[in-house]
Amino acid sequence: MKYKSYGKIPTRKGFGEGLVELGEQNPNIVVLGGDITSSVLTSFFRDKFPDRFFSIGIAEQNATTIAVGLALSGKIPFFSSYSAFSAFRNADQLRISVAYNNANVKIGGGHSGVTVGPDGATHQSLEEVAFLRTLPNMTLIVPADYNETKKATIASGNMFGPTFIRFGRSAGESFTTPESEFIIGKANQLTDGNDVAIFACGTLVWEALLAAEELEKQKGIKARVINLHTIKPIDYEAIVNAAKECGAIVTAEEHQIHGGMGSAVAEVVVKNYPVPMEFIGIQDRFGLSGEPEELMQYFNLNHQTIFASALRAIERRDKGFDKIRKVIDFNK
Amino acid sequence: MKYKSYGKIPTRKGFGEGLVELGEQNPNIVVLGGDITSSVLTSFFRDKFPDRFFSIGIAEQNATTIAVGLALSGKIPFFSSYSAFSAFRNADQLRISVAYNNANVKIGGGHSGVTVGPDGATHQSLEEVAFLRTLPNMTLIVPADYNETKKATIASGNMFGPTFIRFGRSAGESFTTPESEFIIGKANQLTDGNDVAIFACGTLVWEALLAAEELEKQKGIKARVINLHTIKPIDYEAIVNAAKECGAIVTAEEHQIHGGMGSAVAEVVVKNYPVPMEFIGIQDRFGLSGEPEELMQYFNLNHQTIFASALRAIERRDKGFDKIRKVIDFNK
Amino acid sequence: MSFNISFPDTTFENKQRSIEEFFEISLELRRDIIKSLFLAKSGHSGGSLGTADIFAVLFFGGFLNYDPKNWKNPNRDRFILSVGHIAPILYATLARAGFFHPSELATLRKLGSRLQGHPGLDANLPGIETSSGSLGQGVSIAVGMALSQKYLDKTDNFTFTMTGDGELEEGSVWEAAMAASNYKLSNFCWIVDNNDCQIDGRVTDVMNIYPLQEKFEAFGFDVVTIDGHNYSEIISAFTKFKNNSKNSEKPTCIIAKTYMGRGISFMEDKYSWHGVPPNEEQAIKALEELDKLDAELKKSNKLN
Amino acid sequence: MSFNISFPDTTFENKQRSIEEFFEISLELRRDIIKSLFLAKSGHSGGSLGTADIFAVLFFGGFLNYDPKNWKNPNRDRFILSVGHIAPILYATLARAGFFHPSELATLRKLGSRLQGHPGLDANLPGIETSSGSLGQGVSIAVGMALSQKYLDKTDNFTFTMTGDGELEEGSVWEAAMAASNYKLSNFCWIVDNNDCQIDGRVTDVMNIYPLQEKFEAFGFDVVTIDGHNYSEIISAFTKFKNNSKNSEKPTCIIAKTYMGRGISFMEDKYSWHGVPPNEEQAIKALEELDKLDAELKKSNKLN
Ligand SMILES: Cc1ncc(C[n+]2csc(CCOP(=O)(O)OP(=O)(O)O)c2C)c(N)n1
Ligand SMILES: Cc1ncc(C[n+]2csc(CCOP(=O)(O)OP(=O)(O)O)c2C)c(N)n1
Ligand SMILES: [Mg+2]
Ligand SMILES: [Mg+2]
């Protein structure tokens with residue numbers, strides 16, 4: 001495989017380091033703490049720039065709207081908490097004061113997904129992509145690993161507008177490099193192939209790469225793996241091309257299948273070039289306690305499932321052509 | 001046309017009357033007020049059953065979780081506010097205390113969509129379907145008119161589980177009758193046709209009927225209009241059949257096109273039987289002040305747009321077959 | 001429309017003034033409210049009229065530092081209307097302060113207007129610092145601005161915000177209060193429009209928020225409770241805040257006891273006027289009442 | 001695992017007890033916490049240990065009416081753990097009260113366990129009234145239950161809830177407080193675990209919540225501030241609540257001053273122990289310390 005893992009590094013470390021780098025570049029960067037500073041690693045920034053760090057306590061609504069006040073005063077505020085609380089406890093604030101105001105507020109949603117592990121369902125946010133991608137003016141990024149989270153953090157600080165970055169707690173495989181390209185809104189095609197397209201984000205990108213490797217090895221199937229790190233604005237071109245050129249799509253994410261990244265891809269697909277799709281994600285249920293690895297297996301968020309889904313998508317595509325062929329024969 | 005308007009009656013009146021009917025049937029029905037009692041017409045219930053009505057003031061978080069406490073004590077609490085506030089200000093509470101608890105709490109989201117009118121963007125909630133349909137255990141209903149809202153309210157009080165009913169402020173055309181069937185989770189097919197399927201909910205169902213009438217009159221096109229009042233759980237069968245039998249789908253809703261009802265339909269379509277789709281809804285922007293009628297026109301939420309979209313979906317389907325025919329010719 | 005509605009293009013300066021002048025200004029603001037709401041055919045009369053006296057003093061008494069010609073000057077004071085639904089009084093005030101032409105008040109709540117039903121930043125109306133309309137959010141935004149002034153920009157500017165009293169039922173409001181005192185935002189002034197009315201009735205009946213002074217004190221504020229229609233009391237409250245901002249480490253809360261619908265006999269202290277506009281007959285009557293008050297004022301002024 | 005972990009199947013009755021008995025019970029609860037958290041390899045030691053004395057009195061001192069054999073009896077009192085992360089103390093308490101076998105404590109936070117990291121209603125563990133884990137929600141749920149008891153079921157049952165002190169920074173908590181007093185929920189008892197610790201540090205430093213007694217009084221509560229490790233004070237606080245519930249129209253708030261990690265020397269009053277479990281060495285040391293306290297207790301008992 002073209003990609004290899006450089007070891008397991010928590011994505012949140014990329015967030016923490018990205019903030020420090022931004023802080024060095026730009027004196028307008030400020031950070032708000034939500035009493036989980038050392039969990040989401042805004043502590044790096046606090047320790048380095050104590051004068052630009054404000055602890056707001058456990059008050060996600062207030063932190064979000066204070067951030068708006070700072071943004072409307074020309075600052076670039078970052079607020080981060082567990083994604084469960086920085087996307088939902090403050091949802092009305094995100095909708096009206098952040099998004100409708102088009103305020104230059106950056107929100108970090110840490111500890112997202114089932115890889116939070118033993119904390120259990122309340123802390124395993126699996127719904128925020130659905131909500132956030134529906135908000136006008138919002139940019140939504142789900143980076144794949146440590147390096148990409150760092151790049152996403154820095155890029156979001158350098159662009160204007162409301163941005164939400166969703167990242168995890170556990171250490172995932174790190175495979176992007178400091179050099180690899182990251183542009184907000186531009187999907188990264190990781191492997192070439194026209195047999196099936198696999199769109200993945202976050203922790204599932206690495207699994208998609210593993211699945212692609214197996215597909216080629218075991219079946220000679222060339223899968224096009226696409227890291228769809230930016231869910232809003234979505235990369236139409238990457239999706240439409242994949243639909244046209246591969247004719248079968250799999251999506252994989254650590255999120256509910258309803259409303260998530262896969263759903264966003266589906267919207268583009270049916271609107272432009274309808275092809276069979278398979279969705280990998282949480283199947284409309286809440287999470288539960290367990291070790292991150294265990295839970296990824298338990299919920300079928302792994303390369304085996306991507307592998308099987310790719311075969312199913314291909315089969316559905318091919319059967320579909322057969323059916324149409326019959327219809328056409330019948331008609332002529 | 002088979003359907004006719006019985007006049008303009010606000011859907012919220014159906015909600016208010018439904019609550020009173022439920023209150024008469026079941027002593028466990030209780031209602032919580034959020035200081036907009038006479039806007040969402042929970043005032044009907046308050047005036048009739050003052051002992052089972054509790055004013056909670058402007059505190060949507062608290063009202064939602066108090067409702068959970070009541071539900072866990074065997075009561076069937078309804079809480080209602082403007083949809084903007086009863087779906088977002090309390091989003092964390094909806095996710096954890098209502099949905100994860102699977103608590104028998106019923107939420108009314110009134111004054112939804114742009115038909116709120118002159119109050120403007122803050123009050124025009126256009127994002128809640130995306131969020132709510134992603135929550136496990138949640139039932140989500142967007143009734144089409146006064147009668148249906150009443151039936152939905154009563155049906156939700158008679159079923160177990162978290163339920164959200166989204167309805168409007170303005171008077172819309174009332175065309176369903178007290179007799180017409182309403183079953184949660186079962187879409188209502190309003191017209192027969194195999195040329196194109198139009199899925200609509202809420203205020204757009206009537207517009208879909210008007211569009212179907214015009215399609216037939218002007219173009220001889222027989223459209224299948226489906227009132228998809230229940231968005232979760234979604235009626236797979238109605239969607240898959242429509243995809244198979246019509247081959248082209250239009251969706252229409254007073255909601256963002258991202259993540260809304262159309263998106264839910266798209267998920268089913270690509271997973272089962274991919275066909276071209278056209279989405280009618282708000283195109284990723286916030287609302288604004290104006291009269292309800294004006295805004296429906298301004299945002300192209302009308303039968304003219306449905307008409308045009310139906311033609312486009314049909315054209316795309318037919319072109320698609322042509323293209324495939326070429327591919328097949330080429331291949332043989 | 002059977003009676004002629006026009007908005008004279010009077011503007012007022014922001015300076016020390018006599019009680020009579022504030023009365024005069026507040027009458028003009030109340031006229032604007034009645035006229036714009038009548039034309040809009042929807043909107044919130046009660047709170048808009050009830051706070052006109054406070055707006056008159058804050059914007060035209062030299063307490064708020066702003067420059068309509070260069071309104072985005074970073075060294076301005078900020079005023080955040082947290083209770084967004086009373087936008088008509090804010091719009092009237094901004095027009096009379098010269099932020100835009102008063103004739104634009106006729107477009108309130110209409111399609112394409114910069115005067116959205118609730119303030120909308122996207123409408124680009126000069127003087128509007130933020131969108132508001134979801135209760136409780138504006139006051140936290142104001143805390144963020146005061147924080148920026150005090151700790152980041154290190155200016156000696158002030159941030160003012162106004163909330164309703166029903167609005168205090170929103171828990172997020174107490175998060176804002178806690179943070180304002182935690183950060184010793186002595187440059188922060190929170191005005192509560194304490195009309196004891198909200199949509200469903202008396203605040204006391206809908207959800208009792210009292211005792212209010214004790215609550216704000218326990219949340220670390222210097223509190224002053226005033227008659228929100230008494231110009232001397234309003235003036236001394238703002239003066240006290242300005243003094244506190246030098247001598248105290250606490251933010252200031254002004255609990256202004258007001259009457260909803262103040263100035264129009266048939267609206268006064270009636271919560272049913274929270275969210276409705278006057279119809280034609282009511283508008284005519286209201287404007288007559290305001291004219292009468294004006295005449296009386298002028299007469300008494302001459303006598304002095 | 002190099003030392004043997006087992007959970008004896010001791011259970012305790014719910015009745016009037018001596019100080020020594022409460023001490024004995026709280027030691028057992030603290031042992032359970034150490035053991036289950038060590039096995040879980042993650043979780044919240046600090047708050048769980050710090051509230052063990054309060055749990056001992058509330059559940060085993062005859063103050064909370066419950067029946068483990070028929071635990072869904074509608075006429076039970078309710079206890080809602082709003083501060084969901086200290087689930088280990090609740091699980092230990094329920095096990096020792098006979099809701100389920102103590103050996104199940106070994107499954108804490110493991111895949112398939114009924115002892116979820118934060119209480120999950122879907123896991124069907126007897127005694128769990130609601131899911132919690134998002135701070136501030138439980139206390140509002142408790143208000144709903146107290147409302148049901150007082151106005152709908154018209155029973156003379158009580159609802160107790162426990163929040164953290166960091167948790168009081170959530171605005172929704174003050175919505176709950178306002179409503180409890182608005183509805184005169186004298187059957188409602190709110191215990192604040194006031195350890196002055198939260199994740200990032202001292203509550204005073206992260207976001208100052210003080211003065212606390214004044215805040216709750218201004219929000220309409222009868223407030224009693226106690227040493228949360230002094231059994232006599234805990235007993236008299238609950239006794240006072242029971243009396244208040246007959247004589248006062250106010251809900252009761254017990255501000256319990258506690259130390260995070262209480263009972264284990266190297267954890268005591270250290271906020272770094274908010275959310276971590278003991279490792280093996282620490283667990284052994286902790287259990288030794290508890291055994292030593294036990295021995296001392298037994299000795300002093302004999303001397304009496
Ligand atoms: C979060 C939120 N919930 C509900 C509403 C609906 N609402 C608008 S005004 C109002 C009453 C406000 O009362 P108060 O603050 O006293 O203002 P007044 O009626 O005195 O003008 C309500 C409930 C809202 N705008 N925002
Ligand atoms: C709404 C919400 N925001 C953030 C968190 C993350 N969190 C869990 S515990 C905690 C600190 C709680 O402090 P306190 O209530 O004092 O409990 P203690 O640390 O004393 O056990 C935080 C911030 C949460 N669980 N819920
Ligand atoms: Mg009021
Ligand atoms: Mg604490």
Side-chain angles (χ1 to χ4, degrees), chain A residues 60-61 84-85 87-96 99-100 121-122 125-131 133-137 232-234 249 255-260 262-267 269-279 282 284-286 316-317 320-321 324-325 327-328 332, chain B residues 60-61 84-85 87-96 99-100 121-122 125-131 133-137 232-234 249 255-260 262-267 269-279 282 284-286 316-317 320-321 324-325 327-328 332:
Chain A
E60 295 81 6
Q61 297 183 83
F85 310 124
F88 296 125
R89 189 55 158 263
N90 54 349
D92 191 21
Q93 281 79 7
L94 286 174
R95 177 176 173 269
I96 293 181
Y100 178 47
T122 53
S125 62
L126 296 163
E127 296 82 13
E128 69 274 45
V129 168
F131 167 55
R133 77 178 184 85
T134 305
L135 294 178
N137 298 332
K232 184 170 195 182
I234 205 161
I249 292 175
H255 187 277
Q256 302 288 354
I257 55 164
H258 291 317
S263 175
V265 172
E267 291 171 15
V269 164
V270 292
K271 176 80 183 106
N272 292 279
Y273 200 91
V275 299
M277 282 183 63
E278 293 289 325
F279 300 97
I282 304 291
D284 200 23
R285 55 156 296 180
F286 284 101
R316 285 177 52 212
R317 175 196 62 201
F321 273 91
I324 288 160
R325 216 175 257 137
V327 174
I328 293 166
K332 78 167 173 199
Chain B
E60 295 80 6
Q61 298 183 81
F85 311 125
F88 296 125
R89 190 53 158 263
N90 55 350
D92 191 22
Q93 280 79 7
L94 286 174
R95 177 177 172 268
I96 292 180
Y100 178 47
T122 54
S125 62
L126 297 163
E127 297 82 12
E128 69 274 45
V129 168
F131 167 55
R133 77 178 184 85
T134 304
L135 294 179
N137 298 332
K232 185 169 193 183
I234 203 160
I249 292 176
H255 187 276
Q256 301 288 354
I257 55 163
H258 292 316
S263 175
V265 172
E267 291 171 16
V269 163
V270 291
K271 176 80 183 106
N272 291 279
Y273 200 93
V275 299
M277 282 183 63
E278 294 289 325
F279 300 97
I282 303 292
D284 200 24
R285 55 156 295 176
F286 284 100
R316 285 178 50 212
R317 175 195 63 202
F321 272 88
I324 288 160
R325 217 176 255 136
V327 174
I328 293 165
K332 78 168 174 194

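Lettering follows sequence order; numbering is per chain, from 1.
- Applying the side-chain hydrogen bond (donor to acceptor under 3.5 Å, both in side chains) rule to A:Gln93 yields the partners A:Gln61; only residues at least two apart in sequence or on another chain are considered.
- Options B:Glu60, B:Glu267, B:Glu127 differ in how many heavy-atom pairs under 4.5 Å they form with chain A, and the most are formed by B:Glu267.
- Per-residue counts of heavy-atom pairs under 4.5 Å with chain B were compared for A:Ala266, A:Gly259, A:Gly262; the largest is that of A:Gly259.
- With a 4.5 Å cut-off on non-hydrogen atoms, A:Gln256 touches chain B through its side chain but not through its backbone.
- Proximity to chain A (any heavy atom under 4.5 Å) is shown, for B:Asn90, by neither the backbone nor the side chain.
- Looking at A:His258 and B:Pro136, their side chains never come closer than 4.5 Å, going by heavy atoms from C-beta outward.
- Across every non-hydrogen atom of B:Ala87 and B:Glu128, the tightest pair is CB-CB, 3.5 Å.
- Neither the backbone nor the side chain of B:Ala264 comes within contact range of chain A; no heavy atom of the residue lies under 4.5 Å from a heavy atom of that chain.
- Comparing A:Leu94, A:Val265, A:Asp284 by heavy-atom pairs within less than 4.5 Å of chain B, the highest count is held by A:Asp284.
- Checked against the 6.0 Å centroid criterion, the rings of B:Phe88 and A:Phe88 do not qualify as a close aromatic pair.
- Every residue meeting the side chain to side chain contact (heavy atoms under 4.5 Å, CB included) condition with A:Ile257, not counting sequence neighbours, appears here in chain and number order: A:Phe279, A:Gln283.
- Within the 4.5 angstrom heavy-atom criterion, atoms from both the backbone and the side chain of B:Ala99 approach chain A.
- Side-chain N/O atoms of A:Arg95 and B:Thr122 include no donor and acceptor closer than 3.5 Å.
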